[in-house]
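Presented below is the structure to which this report refers.
Keep in mind that the numbers below use all heavy atoms, side chains included, and drop hydrogens, waters and symmetry copies. Since the structure is predicted, the reported quantities are computational estimates derived from the model, not experimental observations.
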Amino acid sequence: MIINLDCTIGHDAIIRDCSTLYPSVNLSRITDIGKCVELGTGSRIIQGIEIGNNTIVGAGSTVIRNLPSNCTAVGSPAVPIKFT
């Protein structure tokens with residue numbers, strides 16, 4: 001797991017193996033981040049969200065709904081645009 005500069009992580013957040021938080025990620029409380037997830041620079045994840053394994057969240061995105069595994073999501077609010 002890599003947690004880069006200027007990230008904030010709320011209480012009871014779970015960050016699983018091999019995940020990366022790029023600079024300035026805001027991760028709210030009670031979130032569950034799957035394995036091998038990449039959270040892009042300046043992305044924001046609100047409380048209670050689950051992000052599936054191998055998912056990429058684009059820089060500056062705001063995640064307000066759960067994201068499935070094996071996708072790339074971008075925007076505000078973040079929506080999956082690609083599945084692998």
Side-chain angles (χ1 to χ4, degrees):
M1 166 181 14
I2 296 173
I3 300 174
N4 224 303
L5 301 172
D6 197 33
C7 291
T8 59
I9 300 173
H11 67 83
D12 296 318
I14 299 169
I15 305 170
R16 301 192 190 280
D17 293 342
C18 301
S19 290
T20 301
L21 279 65
Y22 290 103
S24 301
V25 169
N26 292 17
L27 186 60
S28 294
R29 64 187 180 89
I30 314 171
T31 51
D32 188 349
I33 308 303
K35 292 181 181 180
C36 301
V37 169
E38 292 185 41
L39 300 178
T41 301
S43 58
R44 297 163 301 282
I45 293 77
I46 67 164
Q47 66 275 6
I49 295 295
E50 294 181 17
I51 297 178
N53 299 331
N54 304 307
T55 291
I56 298 170
V57 175
S61 296
T62 303
V63 180
I64 63 170
R65 292 180 195 91
N66 293 343
L67 292 175
S69 295
N70 305 308
C71 76
T72 299
V74 297
S76 186
V79 292
I81 60 166
K82 178 177 152 185
F83 289 88
T84 55

### Query
For the residue pair Pro68 and Pro80, what are the closest heavy atoms and their distance?
CD-CG, 4.2 Å
### Query
For the side chain of Arg44 and the backbone of Gly60, is there at least one donor-acceptor N/O pair under 3.5 Å apart?
yes
## Note on the structure
In short, side-chain hydrogen bond (donor to acceptor under 3.5 Å, both in side chains) pairs touching residues 31-41 with sequence neighbours left out are Arg16-Asp32, Tyr22-Glu38
### Task
Report the distance from atom CD1 of Ile2 to atom SG of Cys7, rounding to the nearest 0.5 Å.
11.0 Å
### Minimum heavy-atom distance between Ser43 and Gly58, given as atom pair plus value
CB-O, 3.9 Å
#### Entry: All pairs passing side-chain hydrogen bond (donor to acceptor under 3.5 Å, both in side chains) where residues 72-84 contributes a residue, at least two apart
Thr62-Ser76
## Note on the structure
Contacts of Arg65 meeting salt bridge (Lys or Arg N to Asp or Glu O under 4.0 Å) (sequence neighbours excluded), chain-then-number -> none
### Query
In chain order, what residues pass the side-chain hydrogen bond (donor to acceptor under 3.5 Å, both in side chains) check against Ser24, with sequence neighbours excluded?
Asp6
### Message
Please give the remaining members of the hydrophobic cluster of Leu39, linking ILVMFWY side chains under 4.5 Å, ordered by chain and number.
### Response
Met1, Ile3, Ile9, Ile15, Leu21, Val25, Leu27, Ile33, Val37, Ile45, Ile46, Ile49, Ile51, Val57, Val63, Ile64, Leu67
### Task
Can you tell me which residue pairs pass the side-chain hydrogen bond (donor to acceptor under 3.5 Å, both in side chains) test with a partner in residues 48-58, sequence neighbours excluded?
Asn54-Asn70
### Query
Roughly how far apart are Gln47 CD and Ile30 CD1, rounded to 0.5 Å?
8.0 Å
